[in-house]
Amino acid sequence: MGTAMLSRAGMFRVSHGVAVDLNNRVFRLPSFHNVLEGEIFLQNLPSIVAAHALDPQRGERVLDMCAAPGGKTTAIAILMNDEGEIVAADRSHNKVLDVQRLSAEMGLTCITTCKLDALKSVCLPSTLSDSTTSVNGDSSVSLTSHSEVPSNEGIASDASGRSEAEKSCEENASTEQPNNGGDNVSQSEIRKNKGRLKNGRGRTQSQGGRAGKSKGFPPNSFDRVLLDAPCSALGLRPRLFAGLETVISLRNHGRYQRKMFDQAVQLVRVGGVLVYSTCTINPSENEAVVRYALDKYKFLSLATQHPRIGGPGLVGRCEFPDGYVEEWLKPGEEEMVQKFDPSSELDTIGFFIAKFSVGPKD
Ligand SMILES: C[S@@+](CC[C@H](N)C(=O)[O-])C[C@H]1O[C@@H](n2cnc3c(N)ncnc32)[C@H](O)[C@@H]1O
């Protein structure tokens, strides 16, 4: 229990300070602030399970489509022994910088990051302009590697020879900086700065780093793809705020996730693996997305997950009062997914994981 010291937006944006003044601790977890920095990173159990379910192998090429802040990206990199390539993408520039920072802090070099809207992840080679830089034979652009955190002076060069891509990245990167004052500071600037103190950096203002912008990737570019989709987060606890969700908004999350899935499925090569996960207990975003995927893409099949710690998914269908019908899992499929129930004795956040094998696509 505590008192919120920042607005909701501020809690997500600022990197220092007090977000919630705790006056009654629920958990007796010690603070790790500045202790063992780079050595440990607290993760929810289901997040680690999701990384293991992906089963990434050394030397493979992996895409993490919604990567920030990078918890699963770094877990995947560790499972790959930092050998291969993980492309960590996120729509938010500042959040991509968070992934960069975490990767650098953990000394992981196989992670490259980019700003990319997951809804536009697939890039057909014919749609690329002449100025597009080719990376390892594909058409993705503007990747930034993280052997060190990029600074304003330039983007760190990469041992894997991505310098051309990085040049392109520099061209695309946002260099907008807040006005930090000066002799002629307008009233509106003062107001803005007050807002920044309360809410943190603006969405488009970098904190000194740069995130390359990608135009997407050609189909079948990756051995494995993780789609840890943005969701209603109904499984998270403790909740610092109560989101205003309605039946319609919950359904809309599912629509958004299906569109992302449509992109993800194209990027995995035949024989590859796609893992879909959320931190919600809403079947519209979990079982219904799996049903959609299996019905639409006949070359997909549910794959066994290791380890298996969560419970089964929901079988059946749901008829809403407005006549909308949602199909969930079919008998036999429920044991192939993992559903973490926050009210179960397992004592985890609510989470859902589905793993798909990608068969021949035609
Ligand atoms: C559940 S969080 C990801 C957590 C992350 N995988 C981890 O383990 O640390 C969802 C992320 O999706 C990102 N996101 C939301 N919409 C997106 C979009 N259209 N394209 C790419 N990323 C998006 C958000 O910025 C957010 O960082």
Side-chain angles (χ1 to χ4, degrees), residues 8-9 11-13 15 41-54 56 62-79 86-103 105-106 108 111 113-123 140 142-143 146 200-201 203-204 206 211-217 224-237 239 243 249 252-264 266-267 274-282 285-286 289 340 348-354:
R8 176 178 180 259
M11 286 183 198
F12 285 100
R13 286 189 202 157
S15 52
F41 181 76
L42 284 179
Q43 288 253 53
N44 288 300
L45 175 67
S47 300
I48 297 289
V49 174
H52 278 271
L54 187 67
V62 176
L63 173 65
D64 189 351
M65 286 176 86
C66 298
K72 293 179 196 72
T73 313
T74 48
I76 293 166
I78 289 166
L79 290 175
I86 304 172
V87 177
D90 203 279
R91 184 178 64 173
S92 154
H93 177 265
N94 282 341
K95 288 187 180 184
V96 172
L97 298 185
D98 289 340
V99 182
Q100 292 180 2
R101 252 178 250 118
L102 184 64
S103 309
E105 199 178 286
M106 297 181 78
L108 295 164
I111 298 169
T113 59
C114 61
K115 179 177 179 306
L116 174 64
D117 183 348
L119 298 172
K120 299 171 187 163
S121 302
V122 181
C123 173
S140 56
S142 303
L143 299 166
H146 304 294
R201 294 166 281 140
R203 283 183 200 282
T204 57
S206 76
K213 197 171 176 184
S214 169
K215 289 181 181 167
F217 302 91
R224 292 169 205 260
V225 171
L226 172 64
L227 174 54
D228 186 36
C231 64
S232 56
L234 293 182
L236 285 191
R237 59 177 205 182
R239 300 284 317 249
S249 73
N252 285 339
H253 286 299
R255 284 207 185 98
Y256 193 51
Q257 289 145 351
R258 290 198 291 267
K259 283 186 186 159
M260 285 190 179
F261 196 98
D262 289 336
Q263 297 282 300
Q266 295 182 60
L267 293 174
L274 168 54
V275 165
Y276 173 78
S277 59
T278 69
C279 60
T280 188
I281 50 173
N282 173 22
E285 302 170 67
N286 296 335
V289 175
F340 293 82
T348 67
I349 61 164
F351 207 85
F352 181 86
I353 309 171

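Just so you know, these numbers use all the heavy atoms, side chains as well, and skip hydrogens, waters and symmetry mates. Starting from 1, each residue takes its place in the sequence as its number. Atoms within a ligand are numbered from 1 in the order they appear, just like the ligands themselves.
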side-chain contact (heavy atoms from CB on, under 4.5 Å) involving Leu79 - partner list, sequence neighbours excluded: Ala51, His52, Pro56
Rounded at 0.5 Å granularity, tell me how far NE2 in His253 sits from CG in Leu234. 7.5 Å
Determine whether a donor-acceptor pair (N or O, by modelled atom type, separation under 3.5 Å) exists between the side chain of Glu285 and the backbone of Ser232. yes
Testing the 3.5 Å rule here: is there a donor-acceptor pair between the side chains of Gln257 and Thr278? no
Rounded to the nearest 0.5 Å, the CZ atom of Arg224 sits from the CG atom of Leu274 at a distance of 11.5 Å
Taking only heavy atoms of the protein into account, state which residues are under 4.0 angstrom from an atom of ligand 1, in chain and number order. Met65, Cys66, Ala67, Ala68, Pro69, Gly70, Gly71, Lys72, Asp90, Arg91, Lys95, Leu116, Asp117, Ala118, Asp228, Ala229, Pro230, Tyr256, Met260
Nearest-0.5 Å distance that lies between atom OG in Ser47 and atom CZ in Phe351: 4.5 Å
